[in-house]
Amino acid sequence: DGLIVSFGEMLIDFVPTVSGVSLAEAPGFLKAPGGAPANVAIAVARIGGKAAFIGKLGDDEFGHMLAGILKENGVSADGIPFDKGARTALAFVTLRADGEREFMFYRNPSADMMLTPDELNLELIRSAKVFHYGSISLIVEPCRSAHLKAMEVAKDAGALLSYDPNLRLPLWPSADEARKQIMSIWDKADVIKVSDVELEFLTGNNNIDDASAMSLWHDNLKLLLVTLGENGCRYYTKNFHGSVDAYNVKAVDTTGAGDSFVGALLCKIVSDHDIIQDEHRLKEVLKFACACGAITTTKKGAIPALPTEKEVLAFLEGEGK
Ligand code: ATP
């Protein structure tokens, strides 16, 4: 089995103990470990794949707690340095009664932003068959340089590069800067996954259609995915494109659905990159990934909701697939 190395941030979301309140109104908060790249690594391990996470944590209670969560889930923490000065990143997040998501980040700077190129575990990166990353690690130095170096080392060692921009607009100095930096590494990736919201943001086109998705195509890309929440996903390759429906579930919290989807996809293609060239096999993999996404929405939180392979197979059997 090939190793999937996921690079970026791991942090703690603090979510209100009651739903539908503003941050100021919340009577209390619960810790919800997250960070998209860390979620992806755990998603891979839950369904039986081999995963490692690379990113910096604070040398504090929260940092060691997060490293412990990775290890408990069978994810290698060998690429995690601990910062003596900066704290583990925190974010207070709420879904207000008006449906708006409200964020408040504690990153001034946080440990994840302090990862330097010299701290990279190059041996671990070179052993990756798939190297996955987002865009939050591009926002500030020195993490940005570490990210660029890690990508280069992985690519030179023959890894497939996988990119899920995971736009978090409030973390960027401006929308233009976010777009520019997200696109600055676009043509390095072999596999790219965007959400409908990101497709709109990156193209400036509010039609979620094939022409808009194809405008994001680049010559070296092997697979482009657009996830559409309860409407499933669309896939694009050099030779074919199409869509896969979502499963009908009672969603209670969609956090982590995209990460669960990506983890499942990478776990299936890591051992056989040729799946991407075979539409029938790719569709089977995407149905599995959509099932993982759907299951993740049925439980609160991201990490606790990521399914095991057994749960996914039972779910698919129940769906008659
Ligand atoms: P996030 O950033 O919240 O992790 P995302 O926007 O990257 O998610 P989504 O499109 O929300 O990604 O979800 C990924 C996949 O999970 C979808 O393609 C779909 O198959 C499944 N999914 C998500 N939400 C639902 C839902 N409400 N019902 C059924 N399936 C869902």
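When a ligand or atom number is given, it counts from 1 through the structure's own listing order. Any value given below was found using the heavy atoms of this structure, including those in side chains, with hydrogens, waters and symmetry copies removed. Quick caveat, the model's predicted, so the values are computed rather than measured.
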Contact between ligand 1 and E198 is defined here as a heavy atom of the residue under 4.0 Å from a ligand atom; is it met?
no
Measure up the Y133 and F131 rings against each other and bin them: parallel (under 30°), tilted (30 to 60°), perpendicular (over 60°).
tilted
With backbone taken as N, CA, C and O and side chain as the heavy atoms from C-beta onward, which portion of T227 lies under 4.0 Å from ligand 1: side chain, backbone, both, or neither?
both
If you have a sec, work out which protein heavy atom is nearest atom 15 (C) of ligand 1 and how many Å separate them, to one decimal?
F261 CD1, 4.0 Å
Starting from atom 10 (O) of ligand 1, what is the nearest protein heavy atom, named by residue and atom, and what distance separates them?
G229 N, 2.7 Å
Distance filter under 4.0 Å to K193 heavy atoms, resulting ligand 1 atoms
5 (P), 7 (O), 12 (O)
Is there a polar contact between ligand 1 and V249, counting only N or O atoms under 3.5 Å apart?
no
Regarding atom 13 (O) of ligand 1: of the candidates A257, C233, S243, A264, which has the closest heavy atom?
A257
Looking only at non-hydrogen atoms, find the nearest pair between L3 and S127 and report the distance.
CD2-OG, 3.5 Å
Considering distance alone, does some N or O of G232 sit under 3.5 Å from an N or O of ligand 1?
yes
Which of the listed options, S260, G258, G293, holds the heavy atom that is closest to atom 14 (C) of ligand 1?
G258
At less than 4.0 angstrom from any non-hydrogen atom of A251, what atoms of ligand 1 do you find?
27 (N)
Closest to atom 20 (O) of ligand 1 among protein heavy atoms sits C290 SG, 3.1 Å
Using a plain distance cutoff, I'd like to know if S195 has any nitrogen or oxygen under 3.5 Å from a nitrogen or oxygen of ligand 1.
no
